[in-house]
Every structure is written in structure tokens, then in C-alpha cells.
Novice: 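Questions regarding the structure given below will be posed in turn.
Bear in mind that the values here come from a model prediction, so they are computed numbers and not experimental data. Quick note on labels: first sequence line is chain A, next is B, and so on, each numbered from 1.
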4 protein chains.
Amino acid sequence: MPRVTDEHRAARREQILRAAWRCVAREGFHGSTMAHVIAESGLSAGAVYGYFKGKDELLYAIAERSIARIDEVFHEMLAGDAAPDPADVLETVLDRLMTLAEDPDGDFTLIAVQAWGEAARGGPFLDLLEPQFKEIRGHWIEVARRWQAAGRLGADAEPEQVGRVLLGLMPGFIVQRLVLGGVAAPGYANGLRALMSPSTRAGAAG
Amino acid sequence: MPRVTDEHRAARREQILRAAWRCVAREGFHGSTMAHVIAESGLSAGAVYGYFKGKDELLYAIAERSIARIDEVFHEMLAGDAAPDPADVLETVLDRLMTLAEDPDGDFTLIAVQAWGEAARGGPFLDLLEPQFKEIRGHWIEVARRWQAAGRLGADAEPEQVGRVLLGLMPGFIVQRLVLGGVAAPGYANGLRALMSPSTRAGAAG
Amino acid sequence: MPRVTDEHRAARREQILRAAWRCVAREGFHGSTMAHVIAESGLSAGAVYGYFKGKDELLYAIAERSIARIDEVFHEMLAGDAAPDPADVLETVLDRLMTLAEDPDGDFTLIAVQAWGEAARGGPFLDLLEPQFKEIRGHWIEVARRWQAAGRLGADAEPEQVGRVLLGLMPGFIVQRLVLGGVAAPGYANGLRALMSPSTRAGAAG
Amino acid sequence: MPRVTDEHRAARREQILRAAWRCVAREGFHGSTMAHVIAESGLSAGAVYGYFKGKDELLYAIAERSIARIDEVFHEMLAGDAAPDPADVLETVLDRLMTLAEDPDGDFTLIAVQAWGEAARGGPFLDLLEPQFKEIRGHWIEVARRWQAAGRLGADAEPEQVGRVLLGLMPGFIVQRLVLGGVAAPGYANGLRALMSPSTRAGAAG
DNA sequence: AATGAATGAGCGTTCATTCAT
DNA sequence: AATGAATGAACGCTCATTCAT
């Protein structure tokens, strides 16, 4: 019965992970005690520790999942070789991000911010976030490159620098939304469109 | 001799605050114990509690100072009624930010990220950050407004939306620098300049 | 097929006991967890508990076996009615003891010392060790008695007291070997021989 | 007020150590929980941890004290250059040992046996016991050497071997007393005297 | 005003044991 | 008979905070 057992283990792991997710989305990394997670999971302490070595591993797994969600958002975005408008990409990406953020289990962006705070101090969380940030930045650099190839970006523009700015818009959106609220994907994308389409003396924005 | 006493109190408060700042910049909000702060301050536990009600108040004061620094960065920026290029503003602002971040007492952006994480969960940290974010956003909106008034932004662009994007670039810069490193003010500003100065060559988007 | 079942049960019991023995010889009574024993035995938790009521019973069984080995060492030693030299008996006994101690499954003297520690506090381990110590002491008293009967011990010597001393030499050997190493049966027996054969030269003690 | 504070600290340390001593003498190393020690000490958990890093350090300190007591027993024993009868030394030593063992705080020999069990597995307890055993063995070797110099031991006897035997008599006494009871210093010493004064065919013991 | 020893609730974790399968 | 996932009481320990001096 290995199939059943493996499925069972995976389901239990998921159950715990979701419970921890809910706790962290509600109370942050440090406000979430193992006792909370255990109670939320409906399991016993021993059971939880059978699936995760300890609190650190659990938080790590949650952070992993949280930032993986940001990455997901790019899938299919760059399929083909089209040169989408960066503002359109941003809108799509943030739109998906907001859909995911409305998860009834809890807002993953809140967890992501916790993870940034942890990663800032170095250690395993930094090791986790670094490659994922790099990958997402790579996506944005690719967007910039294509945009440049399509003749929409100055020939002397450096896609790496443009990519940094585009990547930067994402944490900017997330933090702003969490702290101020009232930020939505279309408006934010429009702000970028306006910046990207400056009036040529008496020009018109998009 | 109330003057002396008041000065004394202020000096002591500052001494504690700086000690806590160093701790938090090194170990984060939760990694910093009161014992660490007390040791770092060179005072006794009782003395520290004589100036701050508890850890929360101390962290709050640190967060306050940390984000105040971001605000500082705008001072004199918008004096007069010039209409500076947003990318120039960004470069100046980030340049100052990096100077402040190199404080030997510890990187204030690290503390800021901790504060965002805390604020995301609501509570006093949100109440602290919200008005400060609002004010900084106000600065950016003003930048956008003047840019528009100078005819450099489409007439139908909404400065509020543009301001959100410009504000967003700051946390984006901070997080990216902490996680990936290798981000500097001029290059980041150049990325924005490139986006804002699209090729005038006719091009078609995807 | 009760025979087969009984044999099977005995084999399983032995399998568990040996696994526990290995664990205890490696990590002591308290350092050995049931999880270790279970893993070492290759059986499941449930299976182990099917053969032993709990950890206490298992440790008890191990202690039993460990001190039984010390007793073994006397078998045939006192067969017949010879009056062997106590030092010779000691040498033979310790020699056998060391052979047993080199069991690849682990040093039984290490387990014995654990058992002494437990027995010192009273309880079942004391009830276990007491009769076994008594029996071994009985052997030594018998050695002393025969030695006296052979005219090698003063007529007014009390074999019970001599037996206590001879018994005492055994834990002394075991502990000394575990803590200091470098103790071997022949040298230790020689030490006793030297004490038992004082110089006949006239001398005065201090 | 450093004097007072230092004395205070020393007194508190002693208070905790004695509480732990009582617990260990009653329940052994592993049966003694920190909660027990804390309750017994009359202090709080935090206070205890202010004086001892953790349970290990506390047990180590107790073991240290326990075996130090065995060493004490030799003080003044070998002052001067007399050549005392080993059996007399043994009697004195064991007599002192029993006096110390009757400490109302708990029998130190019980603690010593716990320490032997721990040391047998290597680690810090072995490092602690090894030099102390060596020193005590050194005392016994000196006793043997003097006895030999006084012409009471065969010229070809090796004091090192005799010393091992004499040292061995001590754990033998301790364990036997704990497990069987009914062992006292004079009787035990008499047993040794009897062994050391064999009848010369029809001789008389001392 | 300042000290720092003391507090104790609550933390993360372990592990002997059980029981549905 | 055998499994091993699950249990949960109890463990060692931390740390924000207090208060007698």
C-alpha cells in the first residue's frame, strides 16, 4: 500500500502546511507559535513534528510556497516570442497576484513580506529568496529585451537596468497595498503606462 | 535644574535607541532580545524600562526613526516650484537613502523591512507606517503633478497613479538590494529613464 | 503449531533484546530511546511492544542479562572441592569477563554500571541486582572459606568479610577499566597476589 | 558592594547546587527534572538558569562535587613519610566516606555511581572522572610503594598493580553498600587484613 | 535615578506509548 | 501478528518584565 501511504503523507503535509499558512498570514512568522499551528492543523504536536523537523523548516516551506506563487504568475507570460508591453505584463502579473492574494487561507503577500524581513538578515531565507528573485528579475529583463528588440526602448537602454525597475515595481505594489490599501493592478499599470508614454510637448498618453 | 535633567533624559533615551537600532539592524525585531539591547546600551534593565515601557515601544520608536529617514530624503527636494525629472528625483532620493543605509550603526532599510512585515498584520505599526507612506506618496504625486504641468506627462495621466508607481520603486529598490545586492541608485534611475524615454522610432508592440 | 510459534516468539524477543543491548551499550539507559531500539531491531513499534510491556521492562531484561553474565563467569569455578587461590579465581573470572566485554554487540560492563546507578535508587533494579550480588558474594565467601579450610587464611578470619573484599574487587575492576582503561586481568590479579604474599622479612608498619 | 554581591551569588549557587544534589540523590541524574530542582531550590526557573547554563552543567557540577568528596578523604592521610598499613588507610578512608555519605542532603556515593554510568559512555563526565580517578589511584600507589619500602611487600611486587587493586576496593565498597547494604568500613578493612596476613601453615592473622 | 537578581508564563521539542488498520 | 501514524504529557529552556534595594 505504498501509494496510499504516500498520498496520505502528502495530504497530511499539506494539511499542516495550510494550517501554518493560515497562522502566519494572521500572526506573522514570530507571532505564530507551534502550539497555534498544531491547534490549527487539528493534529497533535508529535504528528506535526513527524512531517516537519521544526518551526524553522515549517516557516521555510511556507516562505517557499509564498514566493513560488509570485513566480507562477509569469508562467505562459513569456511563451512565444511576442514583445508584450511591460505595462501589460505588469497588469497581468499583478492581477494574478491579487487573485492569489485573496486566498481564503490567507494573503500570501503578507507571508512574502515576512520572508523578506527574514532574508534581509541573511541565512537560509536569503538562500531561498535569492535565486527566486533572480529568476523573476530574469523574466523582467527578458521583457525589457524584447521591448527593446521591438524598437520600443532606446537602443542604448540596458535591459538589465530596466528589468531591475520592473522587478522593483512588484514589491512596491505588494507593500503599498498592505500598508495603504487602495492599490489595484489596472491603476498601477496605468501609472506605468503614463510614465512610459510621455507627452512629446503636447503628446497624448495611452 | 530641569534643563539638565531633560537633556540627560534625552541623551539616555538616545543612547538606548541607538543600542536597540544596532541590535535590530543586526538581528531583526524578533532576534533582538531586551537582554541584547540592555547589554548593548551599557545600562541596566531597570534603566531601559525607565525610558521605554517595553520592547514594543522600543521597536516602535526604532521603526519610526527608520521610516522617518526615508521621509528626510525628500526634504528640500520639492522646495521651489521646479518640475524635476522623476528619474532625477529618484536618483537623488535613492542616493541619499544609500548614504543613510551605510550608517555604521546599521542599515536602516533592514529595519524598515522588519517594520513592513509587522505593519502588514495591522496594529500599531500599521498606524505608524500608513501616514508616513501617505506622505511620501504625496511627494511622488506632487512630482508627477509638476511633471505633468510641465507638459512632460500626458494630459490625461493621473498623477495619483503615477505617484503610486514612483512610490513603489522605493520598496522595490530596498528589497532588491537586500536580497540580491548589486543595485545602485544611478543604474536604477537609468532603468526608469530608459522606460520613460521610449524610442521614437515607430514600433509595434506584441 | 505451538512449537513453531513459541520458537518464533523467542527469536523475536531475542532480536529485540539484542537491538536494545546494542543501543544501551552505545548510549546508556537514558540515551537509548524506544525509537532507536525499534530502528535497530528492524521491527515496528507495535511489534516491540508486543514482546515487552515498555521501556522499563526492556531495560530490566537487559540489566538481567548483563549481570547474569557476571554470574556465568563463576560456573564450574567452584565445581569439585578444591581450594583455589583467590587471586587465581579472580584472574580467571576477570579474564572471562573481559572476553564477554569484547562482545561486538557491546560491552556488558557498561550496561552493568548503568544498572548499578539505577539500582542505587531502589526499585525493581535493586530487587534484580540484590539477589545476584548476593549469589556472587556467596561464591567469593565460599572461595574464602575453602582457602581458610586449606589453612591459607588465618583461623580467626571471617570468610564473610573476606568475601566482601573479593566481591568488591570486581566492580572496582569494571569501573576502573571503563574510566581509566589500561587495566587487565593478569596485572590486577598480580596486585592481589602481591598483597596476599607480604614479605616475610621482618618489618614494622607505621 | 561587590563583596556582598559575590557572596550572594556564591550562596545562591550553593543553594541551587544543594537542591540539585538532593534531587539527584533521590531520583538519579535522569529522574531529576529541572522542574524538580527548581522547586527544591525555592527559586524560579530563570534564576536557576542564571547560575547554571543548563541541566548538563548542573549535573556536571554535582558530579564534580561528589567525586571531590572521595578525594578529600585522602587529605592528610599521606602527610609525613610514614608507611601506613594499606588496610588501615582503607579503613580510615572508608570511614570518612561513610560519614560523608550520611549527609542529610543525600548520599554522595549514589551520585558518584550515576556519574560512573555517564562517564562510561565517554564525553565530559569521562573527562571529569579520569583525572580524579588517576589522582586517587596515585594515592594508593604511593601507599603501596611505602609499604614495599617498609619491607612489607615483596620486593618484586609492582606498586602500580597493587594500587589498582586498592583503588578497586573503593568502588567495590560503594556499589556493594548501595546494592546489598550491611557493609561497613571496619569489617571491609578486616577482610583485607585477613587476605594480607595469610596463615603460615598454622599462622595467626592480625 | 539606577540596579540587576528574580520572576514565571510560555516557548519549541521529545518520546514512551497506543490503536486503527 | 504486525504496522507505523498519531498521541500528548512533560521536558529543558528563554526572555520580557518587575521591584527591593
Novice: Apply ring pair (Phe, Tyr, Trp, His ring centres under 6.0 Å) to C/Y51 and list each qualifying residue two or more places apart in sequence or on a separate chain.
Specialist: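 Listed in chain order: nothing, the list is empty.
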Novice: Where along residues 48-56 of chain D does a heavy atom come under 4.0 Å from DNA chain F, residue by residue in number order?
Specialist: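 The answer is D/Y49, D/G54, D/K55.
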Novice: If pairs are Watson-Crick or G-U with both distances under 3.5 Å, what is the dot-bracket string of DNA chain F, marking crossing pairs with [ ] and pairs to another strand with |?
Specialist: .||||||||||||||||||||
Novice: Identify, with sequence neighbours excluded, every residue that meets salt bridge (charged side-chain N to carboxylate O under 4.0 Å, His left out) alongside A/R18.
Specialist: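 Only A/D105 meet the salt bridge (charged side-chain N to carboxylate O under 4.0 Å, His left out) criterion with A/R18.
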Novice: Can you figure out which of F/dG4, E/dT17, E/dT3 approaches the side chain of C/S44 most closely?
Specialist: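 Comparing F/dG4, E/dT17, E/dT3 against the side chain of C/S44, the answer is F/dG4.
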Novice: Grab the CZ-P distance between A/R13 and F/dA6 for me, whole Å please.
Specialist: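 Going from CZ in A/R13 over to P in F/dA6 covers 14 Å.
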Novice: Who passes side chain to side chain contact (heavy atoms under 4.5 Å, CB included) against C/L129, sequence neighbours left out?
Specialist: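 Only C/I67, C/A115, C/W116, C/A119, C/F133, D/V179 meet the side chain to side chain contact (heavy atoms under 4.5 Å, CB included) criterion with C/L129.
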Novice: Of the residues in residues 14-23 of chain C, which ones touch DNA chain F at a heavy-atom distance under 4.0 Å?
Specialist: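 Within this stretch, nothing sits under 4.0 Å of the strand.
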Novice: Looking only at heavy atoms, which two atoms of A/L58 and A/I16 are closest? And how far apart?
Specialist: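 Looking at all heavy atoms of both residues, the closest pair is CD1-CG2, 4.0 Å.
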Novice: Listed by chain and number, what are the ring pair (Phe, Tyr, Trp, His ring centres under 6.0 Å) partners of B/Y60, not counting sequence neighbours?
Specialist: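 In terms of ring pair (Phe, Tyr, Trp, His ring centres under 6.0 Å), with neighbours along the sequence ignored, B/Y60 is linked to B/F125.
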Novice: Select from D/A47 and A/A45 the residue whose nearest nucleotide in DNA chain E is closer to the 5' end of that strand.
Specialist: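 By nearest-heavy-atom nucleotide position, the 5'-most residue is D/A47.
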Novice: List the residues meeting salt bridge (charged side-chain N to carboxylate O under 4.0 Å, His left out) with B/R13, not counting sequence neighbours, and say none if there are none.
Specialist: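 For B/R13, no residue satisfies salt bridge (charged side-chain N to carboxylate O under 4.0 Å, His left out) once neighbours in sequence are set aside.
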Novice: For B/I38 and F/dT14, what is the distance between atoms CD1 and P respectively, to the nearest whole Å?
Specialist: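 Value for this atom pair: 16 Å.
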Novice: Can you check the D/L58 CG to F/dG12 P distance for me, whole Å?
Specialist: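 Going from D/L58 (CG) to F/dG12 (P), I get 11 Å.
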Novice: Is the backbone N or O of B/A19 less than 3.5 Å from a side-chain atom of B/S41, with the two atoms forming a donor-acceptor pair by type?
Specialist: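 Answer holds: no.
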Novice: Apply salt bridge (charged side-chain N to carboxylate O under 4.0 Å, His left out) to B/E27 and list each qualifying residue two or more places apart in sequence or on a separate chain.
Specialist: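 Expected list: none.
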Novice: In whole angstroms, how far is the C1' atom of E/dA16 from the CD atom of C/E57?
Specialist: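 Interatomic distance, CD of C/E57 to C1' of E/dA16: 14 Å.
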Novice: Go through A/I62 and A/Q114 one step at a time and tell me if the side chain to side chain contact (heavy atoms under 4.5 Å, CB included) criterion holds.
Specialist: CA-CA 10 Å; A/I62 287 169; A/Q114 309 281 318; over 6 Å; no
Novice: Within the structure provided, determine whether A/K55 and A/V37 are in side-chain contact (heavy-atom separation under 4.5 Å).
Specialist: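 No, every pair of side-chain atoms sits at 4.5 Å or beyond.
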Novice: Using the closest heavy atom to pick a nucleotide of DNA chain F for each, name whichever of A/G46 or B/G46 lands nearer the 5' end.
Specialist: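 It is A/G46, whose closest nucleotide lies nearer the 5' terminus.
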Novice: Could you walk me through whether A/R12 and A/L43 pass side chain to side chain contact (heavy atoms under 4.5 Å, CB included), step by step?
Specialist: CA-CA 9 Å; A/R12 274 278 187 269; A/L43 292 171; 3.7 Å; yes
Novice: With B/E57, which residues qualify under salt bridge (charged side-chain N to carboxylate O under 4.0 Å, His left out), at least two apart?
Specialist: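 Salt bridge (charged side-chain N to carboxylate O under 4.0 Å, His left out) check on B/E57 returns nothing, list empty.
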Novice: Using the test side chain to side chain contact (heavy atoms under 4.5 Å, CB included), find all partners of C/S66 that sit at least two apart in sequence or belong to another chain.
Specialist: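 For C/S66 the side chain to side chain contact (heavy atoms under 4.5 Å, CB included) partners, ignoring immediate neighbours, are C/W21, C/F108, C/I111, C/A112.
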Novice: Which residues in residues 29-37 of chain A have at least one heavy atom lying under 4.0 Å from any atom of DNA chain F?
Specialist: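 Heavy-atom contacts with DNA chain F come from no residue of residues 29-37 of chain A; none.
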Novice: Starting at atom CG of B/L43, determine the distance to atom C1' of E/dA1, rounded to an integer number of angstrom.
Specialist: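 Rounded to the whole Å, the gap is 11 Å.
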Novice: Consider the side chain of D/T5, meaning its heavy atoms from C-beta on, and name the nucleotide among E/dT7, E/dT17, E/dA5 that approaches it most closely.
Specialist: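 Selected nucleotide (nearest to the side chain): E/dA5.
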Novice: Measure from the side chain of D/R12, starting at C-beta and using heavy atoms only, and say which of F/dC13, E/dA6, E/dA1 lies closest.
Specialist: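 Of the options given, the side chain of D/R12 lies nearest E/dA6.
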Novice: For C/H30 and D/E118, what are the C-alpha separation, side-chain angles and deciding distance, and is it a side chain to side chain donor-acceptor pair (under 3.5 Å)?
Specialist: CA-CA 10 Å; C/H30 302 279; D/E118 220 56 41; over 6 Å; no
